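Worksheet for the structure shown next.
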Amino acid sequence: MLAIKRHGAVLHLTLDRPERHNAFNEHLIAALTQALEQASQDPGLRALVLAGNGRSFSAGADLDWMARLARASEADNLGDAQALATLMRTLDSLPLPTIAAVQGAAYGGGVGLAACCDIVIASDDARFALSEVRLGLLPAVISPYVIAAIGPRQARRWFATGEAFDAKRALAIGLVHEVVPADGLEAAVDAQLQLLLQAAPQACRAAKQLVAAVINETDPARLDAHNAALIARLRAGAEGREGLAAFLDKRPANWMQPA
C-alpha cells in the first residue's frame with residue numbers, strides 16, 4: 001500500500017496500489033500520514049520524495065471507499081474528511097523539502113498531494129483533474145493547497161469545470177515546476193535532490209518557514225523585524241559561518257553529500 005525506502009538522508013514514499021491507480025482509501029491515508037509524521041521527527045532527513053508506483057501518481061479517491069462513504073452518515077464522512085485534511089496539512093507543513101514525482105493520472109486528492117509538495121516534477125504524459133463537481137462534490141479539503149499553488153483565478157475555472165488538463169497546462173498555471181519526458185522523470189528528481197543536498201540543511205528547512213512567514217504576516221514592521229532577526233541568526237550560526245568560510249576557501253561545505 002505504501003512503500004518506504006531510505007537512501008541516506010532522503011526518504012522515498014511511494015504510493016503502492018498500482019492496480020487501483022494509487023487511489024486513496026482510509027488505510028492509505030493513515031499509512032501515509034504516519035510515515036510523514038515520523039519523517040517530521042527525524043533530524044537526519046534532508047529531503048522526501050513522494051511518488052506513485054505503476055502508470056499513475058494517484059487517481060484520487062478509491063471507488064470502493066467512495067461507495068462506502070456514500071452510504072455512511074454525515075458524522076462518519078466528517079471523520080474521513082478530517083483524516084484526509086490531516087494528511088494534507090502534515091505534508092504541506094513537513095519541516096523538510098518535499099518533491100512530488102508525477103506520472104500518469106493525478107486526479108482529485110492526487111492534485112492535492114502534488115500541491116502540498118515544495119517541488120513538483122511531472123512527466124509529459126501526466127494528466128490532472130479536479131473533477132469533483134462531476135460527482136456533486138467539491139475539492140474542499142485540498143482547496144487551500146491547490147489555491148496556494150495555482151491562485152484563485154485559475155482555481156475558479158478548474159474547480160467549476162472539472163475538466164482534465166495536461167502537464168503543459170499544469171506547468172503554465174503553476175501546479176508543477178518542471179515537465180520532462182517520461183523516461184527522464186527519475187533523473188530530474190535526482191537532479192533536484194542533488195541541489196537540495198548541496199544546500200545547508202537547516203537553512204533549507206527554514207526556507208519553507210520563511211515563505212509561510214512572508215505570506216501570513218500582514219504587519220510590515222513585524223515582517224521586517226522577523227526577517228532581520230532570521231538573517232542575523234543564520235549569519236551568526238554554525239551553518240552560516242561554515243558556508244561563508246567554504247565559499248572564501250573555495251571548498252565544499254561540510255554538509256554537501258551526493259544524492
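What you see is a predicted model; the values in this text were computed from it and never measured.
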Could you walk me through whether Leu28 and Arg17 pass the side-chain contact (heavy atoms from CB on, under 4.5 Å) test, one step at a time?
-> CA-CA 9 Å; Leu28 180 56; Arg17 304 185 73 215; 4.2 Å; yes

Single-linkage hydrophobic cluster Val179~Phe57, side-chain heavy atoms < 4.5 angstrom |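 Yes, because Val179 and Phe57 connect within a single hydrophobic cluster, where side-chain heavy atoms sit under 4.5 Å apart.
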
same_hphob_cluster(Val180, Val102) at 4.5 Å side-chain heavy-atom cutoff = no

Taking the side chain as C-beta and beyond, is there a heavy-atom pair between [X] and [Y] under 4.5 Å?
X      : Y      : answer
Leu230 : Gln209 : no
Val49  : Val189 : yes
Leu2   : Asp16  : no
Arg169 : Phe128 : no
Gln154 : Arg156 : no
Leu137 : Met66  : yes
Tyr107 : Ser58  : no
Val111 : Val146 : yes

Show your reasoning for whether side-chain contact (heavy atoms from CB on, under 4.5 Å) applies to Leu15 and Leu113.
-> CA-CA 11 Å; Leu15 309 180; Leu113 288 177; 4.0 Å; yes

For Arg89, all residues meeting side chain to side chain donor-acceptor pair (under 3.5 Å), sequence neighbours excluded =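 Arg89 satisfies side chain to side chain donor-acceptor pair (under 3.5 Å) with Tyr145 only.
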
Using atom types as modelled and distance alone, determine if a side-chain donor or acceptor of [X] lies under 3.5 Å from a backbone N or O of [Y].
X      : Y      : result
Gln192 : Ile99  : no
Asp92  : Cys117 : no
Arg46  : Ala199 : yes
Glu239 : Ala203 : yes
His21  : Ala59  : no
Gln103 : Ser56  : yes
Trp255 : Leu197 : no

Could you check whether the rings of His7 and His12 sit parallel, tilted or perpendicular, using 30° and 60° as the cut-offs?
-> perpendicular

Take atom CG in Leu63; do more than 12 heavy atoms of anything else shown fall under 6.0 Å from it?
-> no

Quick check: are there more than 12 heavy atoms from other residues, nucleotides or ligands sitting under 6.0 Å from CD of Glu74?
->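 No, because the 6.0 Å sphere around CD of Glu74 holds 12 heavy atoms or fewer from other groups.
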
List the steps, then state whether salt bridge (Lys or Arg N to Asp or Glu O under 4.0 Å) holds for Glu242 with Arg251.
-> CA-CA 10 Å; Glu242 166 62 15; Arg251 61 172 175 82; 2.8 Å; yes

What are the two closest heavy atoms between [X] and [Y], and how far apart are they?
X      : Y      : value
Leu94  : Lys208 : O-NZ, 2.6 Å
Asn22  : Asn53  : ND2-O, 2.9 Å
Ala115 : Ala149 : CB-CB, 4.2 Å
Ala100 : Ala114 : CB-CA, 4.3 Å
Asp124 : Pro181 : OD2-CA, 3.5 Å
Leu32  : Leu50  : CD1-CD1, 4.2 Å

Measure the spacing between [atom1] of [X] and [atom2] of [Y] and express it to the nearest 0.5 Å.
X      : Y      : atom1 : atom2 : result
Glu132 : Trp158 : CD    : CH2   : 14.0 Å
Leu96  : Arg205 : CG    : CZ    : 5.0 Å
Phe24  : Asp62  : CZ    : CG    : 11.0 Å
Ile29  : Met1   : CD1   : CE    : 10.5 Å
Asp42  : Leu45  : CG    : CG    : 4.0 Å
Gln198 : Leu196 : CD    : CG    : 9.5 Å

Which side-chain N or O atoms in residues 79-88 pair as donor and acceptor under 3.5 Å with protein atoms at least two apart or in another chain?
{"residue": "Asp80", "atom": "OD1", "partner": "Trp65", "partner atom": "NE1", "Å": "3.4"}
{"residue": "Thr86", "atom": "OG1", "partner": "Gln82", "partner atom": "O", "Å": "3.0"}

Looking only at side chains, do Asp118 and Thr98 share a donor and an acceptor under 3.5 Å apart?
->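 Short answer, yes.
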
Polar contact flag, side-chain donor to acceptor under 3.5 angstrom, Ser123-Asp125 | yes

Any chance you could lay out the side-chain contact (heavy atoms from CB on, under 4.5 Å) test for Val10 and Arg6, step after step, and finish with the verdict?
-> CA-CA 6 Å; Val10 179; Arg6 180 168 182 165; over 6 Å; no

For Thr161 and Val133, what are the C-alpha separation, side-chain angles and deciding distance, and is it a side-chain contact (heavy atoms from CB on, under 4.5 Å)?
-> CA-CA 7 Å; Thr161 66; Val133 289; over 6 Å; no

Testing Asn216, Leu210, Val211 for side-chain contact (heavy atoms from CB on, under 4.5 Å) with Val214, which one passes?
->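 When Asn216, Leu210, Val211 are each tested with Val214, the side-chain contact (heavy atoms from CB on, under 4.5 Å) holds only for Leu210.
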
Arg68/Asp76 under salt bridge (Lys or Arg N to Asp or Glu O under 4.0 Å): CA gap, chis, key distance, verdict = CA-CA 10 Å; Arg68 292 198 304 274; Asp76 288 337; over 6 Å; no

